[in-house]
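Encoded as structure tokens, the structure appears first; notes follow it.
Everything numeric here is computed off the predicted structure, so don't read it as measured data.
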Amino acid sequence: MKFDSDEHAYECYNEYATSIGFSVRKEYANKNRVQGYVTSTIFTCYKEGYRNIDKRNSTVKKHRKETRTGCLAHIITSRRSNGVFLITSFEDKHNYPLVDPTLSYLLPSQRNIKVVQAYELDLLDDSGIRPKASFEYAARQAGQFFLGYTKGDHKNYLRDKRQESLKRGVGRSLVNYFEKKNTRRSCFSIFFAV
């Protein structure tokens, strides 16, 4: 099978995973050191491998549930000289019972906030509606259908949006304001320098 890019290969494998009942993880991508393009990728089952042994194991009171089972299901794609990605290795055997395909939309690689949903969430957040109320509103809009994301994904999206606005917008505008004040008044530079 041929793919235009490594992202296209990931999307196709993720669709396959949805129909079967498992989730996908991007394991690694090799890049050309000189030109920077991706030369090969491996996408694995999300239960691939095992968790590392925690040094704090004796002091932890409540251990997290083990989620990895050492599943070997994967797909490896390689880039050819013409820029097309081809599958070089495919393993489809899983060592755990798969999720019912009707519930696979709840798996991590299947959950995502679409552009239209993100725009709606931004409008609700900018109008001052709290995250819980905006999630309930979005769920009511979807009706009996699944939104495509969970309440945790909703909260994480809003957190990331606020962090980006501080990096670019509000934080930068405050620094610009103080720098402008600094050039106008010499006594203000004492407070700004601290």
Side-chain angles (χ1 to χ4, degrees), residues 1-80 83-114 117-118 121 131-132 135 139 145-164 167:
M1 198 168 178
K2 296 179 181 179
F3 304 104
D4 298 332
S5 67
D6 60 326
E7 284 299 319
H8 183 237
Y10 174 77
E11 290 168 7
C12 291
Y13 190 54
N14 201 17
E15 285 179 25
Y16 166 75
T18 304
S19 66
I20 301 298
F22 68 98
S23 189
V24 178
R25 189 173 73 228
K26 295 178 183 179
E27 186 66 24
Y28 70 83
N30 289 328
K31 291 188 176 182
N32 182 316
R33 291 182 183 169
V34 177
Q35 296 174 338
Y37 58 82
V38 175
T39 57
S40 67
T41 57
I42 183 167
F43 307 117
T44 62
C45 174
Y46 76 122
K47 292 194 175 207
E48 181 268 336
Y50 294 98
R51 185 185 307 156
N52 292 334
I53 297 172
D54 193 359
K55 295 175 187 174
R56 306 167 297 157
N57 206 14
S58 61
T59 60
V60 175
K61 293 181 181 176
K62 188 176 180 183
H63 295 278
R64 288 185 177 178
K65 184 180 176 183
E66 186 63 50
T67 56
R68 296 195 180 183
T69 62
C71 184
L72 298 175
H74 69 275
I75 184 174
I76 298 175
T77 60
S78 295
R79 186 178 191 269
R80 301 293 174 214
V84 174
F85 282 81
L86 294 175
I87 297 173
T88 56
S89 176
F90 177 71
E91 177 62 49
D92 64 342
K93 293 182 180 147
H94 298 270
N95 64 357
Y96 64 95
L98 298 175
V99 176
D100 183 19
T102 60
L103 299 174
S104 63
Y105 64 86
L106 294 169
L107 294 170
S109 68
Q110 317 305 333
R111 299 188 324 240
N112 57 1
I113 297 176
K114 296 176 181 68
Q117 292 171 327
L121 293 179
K132 182 179 178 184
F135 180 79
F145 303 106
F146 180 66
L147 281 170
Y149 59 92
T150 62
K151 195 179 285 190
D153 299 329
H154 179 93
K155 188 176 92 174
N156 292 341
Y157 171 77
L158 293 175
R159 181 202 61 216
D160 294 345
K161 184 189 106 170
R162 289 183 187 122
Q163 286 177 347
E164 281 298 315
K167 284 181 187 174

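With 3.5 Å as the limit, one finds no donor-acceptor pair spanning the side chains of S104 and T18. For the residue pair N30 and S40, a side-chain donor N or O sits within less than 3.5 Å of a side-chain acceptor on the partner.
The main-chain N or O of K114 is found under 3.5 Å from a side-chain atom of Q117 such that the two form a donor-acceptor pair. For the pair S23 (side chain) and S109 (backbone), a donor-acceptor distance under 3.5 Å is present. The closest donor-acceptor contact from the side chain of T39 to the backbone of N32 lies at 3.5 Å or more, if one exists at all.
Within the 4.5 Å cutoff, no side-chain heavy atoms of T67 are placed close to those of Y46. Looking at heavy atoms from C-beta onward, R79 lies out of side-chain contact with V84 at the 4.5 angstrom threshold. Between F3 and C12 there is a side-chain heavy-atom pair separated by less than 4.5 Å.
The minimum heavy-atom distance linking A29 with V38 is given by the pair CB-CG1, 4.2 Å.
Residues that satisfy the ring-ring contact (aromatic ring centres under 6.0 Å, His included) test with Y96, not counting sequence neighbours, are H94. Annotation: ring-ring contact (aromatic ring centres under 6.0 Å, His included) contacts of Y149 (sequence neighbours excluded): none. For T69, the side-chain hydrogen bond (donor to acceptor under 3.5 Å, both in side chains) partners are N95, not counting sequence neighbours. Y10 meets the ring-ring contact (aromatic ring centres under 6.0 Å, His included) test with F43; sequence neighbours excluded.
Residue pairs meeting the salt bridge (charged side-chain N to carboxylate O under 4.0 Å, His left out) criterion with at least one partner in residues 17-39, sequence neighbours excluded, are E7-K26, R25-E27, R25-E48. Sorted by first and then second residue, the pairs that involve residues 90-112 and meet salt bridge (charged side-chain N to carboxylate O under 4.0 Å, His left out), not counting sequence neighbours, are R111-D153.
Note that the CZ atom of R80 and the CZ atom of F85 stand 10.5 Å from one another [nearest 0.5 Å]. For the atom pair CD1 of I42 and OG1 of T77, the computed distance is 9.5 Å after rounding to the nearest 0.5 Å. Rounding to the nearest 0.5 angstrom, the gap separating the OG atom in S19 from the CG atom in N14 is 10.0 Å. Here the OH-CZ distance, from Y157 to F135, works out to 15.0 Å after rounding to the nearest 0.5 Å. Put simply, NE2 on H154 and CZ on R159 are 12.5 Å apart, with the number rounded to the nearest 0.5 Å. Interatomic distance, CZ of F90 versus CE of M1, reported as 10.5 Å (0.5 Å rounding).
In this structure, L72 places its CG atom where only 12 or fewer heavy-atom neighbours from other residues, nucleotides or ligands lie under 6.0 Å away.
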